Every structure is written in structure tokens, then in C-alpha cells.
Amino acid sequence: MDRYLVFGHPVRHSKSPFIHTLFARQTQQELEYGLAEPAVDEFAHALRTFFDQGGKGCNVTVPFKEQAFTLVDCLSPRAKRAGAVNTIKLTDDGVLLGDNTDGAGLVADLKSHGVMLADSRILLLGAGGAARGALAPLLAELPSELVVTNRTHTKAQQLAAEFHDLGPVTAQTYEQLAGPFDLVINSTSASLQGELPPLAPVLIHTDIAIYDMMYGASDTAFISWAKQHGARQTMDGLGMLVEQAAEAFTVWRGIRPGTKQVLRELKRNLGVI
């Protein structure tokens with residue numbers, strides 16, 4: 001049976017085995033999917049061993065995405081742009097192909113919620129790996145402007161400069177931000193600590209769409225804050241998790257699974273519904 005894994009540290013909380021088991025059942029694919037939690041300095045060895053022992057593909061999550069970028073044999077265009085790899089496939093030629101499905105998953109989830117991206121003004125909070133993975137797919141949707149903001153302004157400037165050839169992306173400090181924005185995406189991990197990015201409440205209005213890449217059994221701190229200030233459409237990153245997994249499954253198996261039922265099952269599993 002074909003074997004797949006998700007590598008991370010920590011990774012025991014991962015819902016990837018649950019998701020991919022449902023995808024396999026839905027598409028009648030024979031595979032098993034497990035977890036691997038090597039020490040941070042043992043990832044390269046663990047990755048090589050997995051494929052040497054017959055592994056077919058893997059997902060890679062924190063803190064190994066940038067390291068995986070350097071360990072594969074070749075990179076997809078979107079992985080090159082992201083500077084990180086979250087999906088690896090062993091090709092029929094024995095080549096390790098590195099891909100990044102995070103941004104595609106984000107865009108797919110936004111569209112599933114009816115969020116219009118073309119000609120929209122988008123604010124992206126954060127300038128780390130999650131933001132980097134999202135930029136190219138977001139710009140491909142032809143927004144009127146994409147503004148990157150970050151506590152360390154130089155990081156936002158560097159990111160905007162790097163992706164400027166793909167579309168109208170600029171960098172602003174939190175203090176410089178002026179509305180209105182159609183969509184705000186929080187790519188920071190602040191919600192994991194129950195913290196908030198320093199975003200002015202005046203930027204929130206009733207017609208804005210709010211997206212937090214983090215998720216939990218209840219509203220994240222950022223989503224709760226946005227609702228308190230009048231936002232009516234709010235979304236967490238659970239759908240993005242399922243959509244990026246579907247994209248990875250497609251890379252591995254050549255067949256795209258449906259995501260709606262799997263997302264419902266995942267929410268039930270987490271106690272969200």
C-alpha cells in the first residue's frame with residue numbers, strides 16, 4: 001500500500017491523517033497516511049529514510065518547510081516563489097518534487113465563501129512564510145491593490161519588492177494604513193497566543209471580509225475582535241487546511257477529491273458543529 005506522511009514538530013495535533021484518509025475513501029485510492037515528528041536537526045535524515053523505505057509522498061509543516069525547500073531535487077514554480085515546500089512527491093523517475101499548496105488552498109477557500117478577489121483591495125497582515133506562500137496566488141486573482149503590513153516594516157518592504165513583478169503589491173506600516181479594504185487576511189500566528197495584530201478598529205466595516213489563517217474549536221482572537229467592530233463575514237483557516245490538502249492529494253494521486261463533505265466531517269471531529 002502506498003505510504004504518505006506529514007512531517008512536523010510538534011505534529012501530533014495534525015488533522016492531515018484524518019483529512020487524507022477521507023480523501024482516499026472518497027476517491028477509492030489505496031493509501032495509508034501517518035505522522036512523523038523528528039527532532040529539528042534530524043528532519044533531513046528522516047525524510048531520506050522515509051523515501052528510501054518506499055514512501056510515495058509527504059506533507060511538511062512547521063518548522064520544516066524552508067528546510068524541505070533545500071532538500072528536494074526540483075521545485076514547482078509556486079514552491080520557488082514561496083521559498084518553502086509543504087508537499088513532496090516521489091515521481092516515477094525517482095525525483096523528489098517539492099511543491100507548495102498553501103496559497104492555492106487559501107484562494108480556493110476564499111472563493112468557496114464567495115469572496116470576490118478580482119479588483120478588490122486586500123490587506124495582508126504579516127510577512128512570514130505564510131504570507132509569502134499566499135502572495136503569488138492572491139496576485140494571480142488580479143486585485144486592484146494588495147497591501148502587506150508587518151510589525152517589522154522592513155520585512156514587509158522586502159516581500160512587496162520581491163513580488164512586485166506579479167502585480168500591484170505595496171508595503172505599509174500599521175500606522176500608514178487607510179481604508180477601505182475589501183478583504184483582510186491575517187497570516188500571523190498571533191491568534192495561537194490569543195493576541196491581536198495592532199490593526200486600527202476604524203479599518204473594520206460591515207462589508208469587509210475577514211480571514212484568519214489560524215483556526216480552533218471557537219473563534220480566533222482576531223475573528224472575535226473583528227466581529228466586535230462590525231465585520232459580518234469572517235472565516236478561519238480550517239477550510240484552507242482542507243483545500244491545501246486537496247491540492248496536495250491531487251499532486252500525489254492525479255485525482256482531485258471533493259472538499260465540502262470532508263470539511264463538514266472535520267468540523268464535526270473538532271466539535272465546531
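Keep in mind that this is a model prediction, so the values were computed, not measured. The first residue of the sequence shown is numbered 1, and numbering continues consecutively from there. For the numbers below, each heavy atom of this structure counts, side chains included, while hydrogens, waters and symmetry mates do not.
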Here the salt bridge (Lys or Arg N to Asp or Glu O under 4.0 Å) pairs for residues 229-240, sequence neighbours left out, are D207-R232
Fit a plane to each ring of H20 and Y33, take the angle between them on a 0 to 90° scale, and name the class: parallel (under 30°), tilted (30 to 60°) or perpendicular (over 60°).
parallel
Could you note down all residue pairs passing salt bridge (Lys or Arg N to Asp or Glu O under 4.0 Å) where residues 143-156 supplies at least one of them, sequence neighbours left out?
R121-E145
Between A127 and A131 the two heavy atoms that sit nearest each other are CA-CB, 3.9 Å
With a 6.0 Å cut-off on the ring centroids, do F64 and F43 count as close?
yes
Do D99 and T87 get their side chains close enough for a donor-acceptor pair, meaning under 3.5 Å?
no
Around atom NE2 of H45, are there more than 12 heavy atoms of other residues, nucleotides or ligands at under 6.0 Å?
no
Hey, are Q158 and E162 close enough side-chain-wise for a donor-acceptor pair under 3.5 Å?
no
Does the salt bridge (charged side-chain N to carboxylate O under 4.0 Å, His left out) test come out yes or no for E265 and K260, once each step is laid out?
CA-CA 9 Å; E265 291 294 330; K260 290 183 179 179; over 6 Å; no
In terms of heavy-atom contacts, does NZ of K15 have more than 12 from other residues, nucleotides or ligands at under 6.0 Å?
yes
Output the distance between atom CG (D41) and atom NE2 (H9), rounded to the nearest 0.5 Å.
9.5 Å
Is it true that the side chains of E243 and T259 contain a donor and an acceptor less than 3.5 Å apart?
yes
Please state whether the rings of W225 and H229 are parallel, tilted or perpendicular, taking 30° and 60° as the class boundaries.
tilted
Just checking, any donor-acceptor pair under 3.5 angstrom between side chains of T101 and N86?
yes
Which is it for F163 and L146 under the side chain to side chain contact (heavy atoms under 4.5 Å, CB included) test, yes or no, and what are the steps along the way?
CA-CA 11 Å; F163 285 84; L146 198 160; over 6 Å; no
Separation of S112 OG from M235 CE (nearest 0.5 Å)
9.0 Å
Go through T21 and R25 one step at a time and tell me if the side chain to side chain contact (heavy atoms under 4.5 Å, CB included) criterion holds.
CA-CA 6 Å; T21 298; R25 190 179 305 158; 3.8 Å; yes
Can you find a pair of side-chain heavy atoms, one from V115 and one from Q233, that are under 4.5 Å apart?
yes
Judged by modelled atom types alone, do N59 and S16 share a side-chain donor-acceptor pair under 3.5 Å?
no
Contact check, side chains of I208 and V184, non-hydrogen atoms, under 4.5 Å:
yes
For K80, what residues pass the side chain to side chain donor-acceptor pair (under 3.5 Å) criterion, not counting sequence neighbours?
none
Side-chain heavy atoms nearer than 4.5 Å, only ILVMFWY residues, links allowed to pass through others: does that put F7 and F18 together?
no
Same apolar cluster: V148 and L199, side chain cutoff 4.5 Å:
no
Shortest non-hydrogen separation from L196 to A221 and the atoms involved
CD2-O, 3.4 Å
Just say parallel, tilted or perpendicular for the rings of Y4 and W252, cut-offs at 30° and 60°.
tilted
Residue pairs involving residues 94-114 (criterion ring pair (Phe, Tyr, Trp, His ring centres under 6.0 Å); sequence neighbours excluded)
none
Any chain of hydrophobic side-chain contacts (each under 4.5 Å) joining L177 to I185?
no
Quick one: CG on L75 to CZ on R81, what's the gap to the nearest 0.5 Å?
13.5 Å
L96 backbone acceptor or donor facing D73 side chain under 3.5 Å
yes
Within a reach of under 6.0 Å around CD of Q28, are more than 12 heavy atoms found that belong to other residues, nucleotides or ligands?
no
Heavy-atom closest contact (A245 atom, F23 atom, distance):
C-CE1, 3.6 Å
Beyond-backbone contact of S191 with E195, side-chain heavy atoms, under 4.5 angstrom
no
Can you name the nearest heavy-atom pair linking G98 to A79, along with the distance?
O-CB, 3.6 Å
Apply side chain to side chain contact (heavy atoms under 4.5 Å, CB included) to M214 and N186, showing your working.
CA-CA 8 Å; M214 302 298 109; N186 180 23; 5.7 Å; no
Give, for atom CG of N150 and atom CD of Q157, the distance between the pair rounded to the nearest 0.5 Å.
10.5 Å
Taking C-beta and beyond as the side chain, do T188 and F222 meet within less than 4.5 Å on heavy atoms?
no
Criterion side chain to side chain contact (heavy atoms under 4.5 Å, CB included) on V147 and F181, from CA distance to verdict
CA-CA 9 Å; V147 178; F181 290 99; 3.9 Å; yes
Would a 4.5 Å heavy-atom cut-off, applied to side chains only, mark C74 and V95 as touching?
yes
So how far is it from S14 OG to L241 CG, rounded to the nearest 0.5 Å?
7.0 Å
Using side-chain heavy atoms (C-beta onward) and a distance below 4.5 Å, is L135 in contact with L159?
yes
As an exercise, state the distance from OG1 of T220 to OH of Y211, rounded to the nearest 0.5 Å.
11.0 Å
Tell me the closest heavy-atom pair linking G179 and L203, and the distance in Å.
N-CD2, 3.4 Å
Sequence neighbours excluded, which residues qualify as side chain to side chain donor-acceptor pair (under 3.5 Å) partners of T61?
none
Hey, does L123 have a side-chain heavy atom less than 4.5 Å from the side chain of T149?
yes
Cation-pi check, R256 to F249: give yes when NZ or CZ is under 6.0 Å from the six-membered ring centre and within 45° of the ring axis, no otherwise.
no
Are V62 and F69 linked, directly or through intermediate hydrophobic residues, by side-chain heavy-atom contacts shorter than 4.5 Å (ILVMFWY only)?
no
Going by side chain to side chain contact (heavy atoms under 4.5 Å, CB included), name the residues that satisfy it together with T173, two or more places apart in sequence or in a different chain.
H153, E175, Q176
Without swapping roles, check the side chain of E37 against the backbone of V11 for a donor-acceptor pair under 3.5 Å.
yes
Side chains of I88 and L97, heavy atoms from C-beta outward: is any pair under 4.5 Å?
no
Atom of G8, atom of P38 and distance for their closest heavy-atom approach
O-CD, 4.2 Å
Is I210 reachable from I122 through a run of hydrophobic residues whose side-chain heavy atoms are each under 4.5 Å from the next?
no
